[in-house]
Amino acid sequence: MTVDEAVALQEKLAPQVVRQTPEGFSPRVAVGLDVAYATDSDQLAAAAVAVDMSTLDSVEEAVVLGTTDFPYVPGLFAFRELPSLLRAIEQLTVTPDVLVCDGQGLAHPRRFGLACHAGVVTGLPSIGVGKQALGQYDMPGDDRGDWTPLVDDGEVVGRALRTQRRVKPVFVSIGHRMDLDTATDLVLRLSPRYRQPETTRAADQAGRRALAGGVGVQDVAD
DNA sequence: GCGACAG
DNA sequence: ATCTTGTCGC
């Protein structure tokens, strides 16, 4: 796929994003998505880790090895990571109630970041949690839970959210079948101790673990 | 036109 | 994203 085709696909799928959370949404299983890259090759490890929302324990993880077929282009991030991430999600035996992506959702120039793309193609609710913002924002207060709107082109596309006192904020935006308040609440619940959600941390670790040791997918359930 | 630009 | 251990601070 070319850059132009990728942009065209985003513009075509963006209208399909549902900015409303399903009735009675009460996720029991949140799935964290992240990709780790090898230093000396084009190999990557895409990880999908299912986390129990009540205990925040990992209940299952799937990692798939792949290669980078698409270069890193700001705005087209999903075309680099999503193909492998979808394969990882398929390996899970549990059904995700919500996907937690490492990157932006609606906070994207075409309102279709990785989290939106992942949500739309799977039909699952999803949210995006980025470490860097695409857009403008004022620094939120110092306390955990403090937030300010993330604005792009005059539109509120997400929030700069402080998940830990005096720690740099993360940038939350909706992916699909989700609203900002619910996404914010979810991210806070997933981040009781560290800056990033446990879902992202678990997926990050699973990914680099797979790149290091050749040992493949492990089910961490008892 | 120029720079900045999720991971 | 990746190169990387210990260390200062709450």
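Residue numbers start from 1 in every chain, and the chains themselves are labelled A, B, ... in the order their sequence lines are given, proteins ahead of strands. Please read all numbers here as calculations on a predicted model, not as lab measurements.
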(message) Just N and O in the side chain of Tyr37(A): are any of them under 4.0 Å from OP1 or OP2 of dG7(B)?
(response) no
(request) Quick one: list whatever passes side-chain contact (heavy atoms from CB on, under 4.5 Å) with Glu23(A), sequence neighbours left out. (result) none
(request) Mind checking side-chain contact (heavy atoms from CB on, under 4.5 Å) for Asp57(A) and listing every partner two or more places apart, or none if nothing turns up? (result) Thr55(A)
(request) List in chain and number order the residues that pass ring-ring contact (aromatic ring centres under 6.0 Å, His included) with Phe70(A), two or more places apart in sequence or in another chain; answer none if no residue qualifies. (result) Phe79(A)
(message) In this structure, which stretches of DNA chain C are paired as stems of three or more consecutive Watson-Crick or G-U pairs, both distances less than 3.5 Å?
(response) none
Which atom pairs, donor and acceptor, lie under 3.5 Å between side-chain atoms of residues 189-197 of chain A and protein residues at least two apart or in another chain?
residue: Ser191(A); atom: OG; partner: Val187(A); partner atom: O; Å: 2.7
residue: Arg195(A); atom: NE; partner: Lys168(A); partner atom: O; Å: 3.0
residue: Arg195(A); atom: NH2; partner: Lys131(A); partner atom: O; Å: 3.2
residue: Arg195(A); atom: NH2; partner: Pro169(A); partner atom: O; Å: 2.8

(request) Taking side-chain hydrogen bond (donor to acceptor under 3.5 Å, both in side chains) as the test, write out the residues that go with Arg162(A), two or more places apart. (result) none
(request) Just jot down the side-chain hydrogen bond (donor to acceptor under 3.5 Å, both in side chains) partners of Arg208(A), sequence neighbours excluded, or say none. (result) Asp204(A)
(request) Determine the contact category for Gln104(A): base if any of its heavy atoms lies under 4.0 Å from a base atom, sugar-phosphate if only primed atoms, P, OP1 or OP2 are that close, otherwise nothing. (result) base
(message) On DNA chain C, does the nearest nucleotide to Arg166(A) precede the nearest nucleotide to Glu81(A) from the 5' side, or the other way round? Give the residue.
(response) Glu81(A)
(message) Other members of the hydrophobic cluster containing Leu44(A), with the 4.5 Å side-chain heavy-atom rule, please.
(response) Val29(A), Val31(A), Leu33(A), Val35(A), Tyr37(A), Tyr72(A), Phe77(A), Leu82(A), Leu85(A), Leu86(A), Ile89(A), Leu92(A), Val94(A), Leu99(A), Leu114(A), Val121(A), Leu124(A)
(request) Could you work out the complete set of other residues in the hydrophobic cluster of Met139(A), with links drawn between I, L, V, M, F, W and Y side chains under 4.5 Å apart? (result) Tyr137(A), Leu150(A), Val157(A), Phe171(A)
(message) Applying salt bridge (Lys or Arg N to Asp or Glu O under 4.0 Å) as the test, list every pair that has at least one member in residues 174-184 of chain A; sequence neighbours left out.
(response) Arg159(A)-Asp181(A)
(request) Provide the start and end nucleotides, 5' to 3', of the part of DNA chain C that has atoms under 4.0 Å from heavy atoms of chain A. (result) dA1(C) to dC3(C)
(message) Any carboxylate oxygen within less than 4.0 angstrom of a Lys/Arg side-chain nitrogen, looking at Arg87(A) and Glu90(A)?
(response) no
(request) Using Watson-Crick or G-U wobble pairs with both distances under 3.5 Å, give me DNA chain B in dot-bracket, 5' to 3', with [ ] for crossers and | for pairs to another strand. (result) .......
(message) Between P on dG7(B) and CG on Leu85(A), what's the gap in Å once rounded to a whole number?
(response) 14 Å
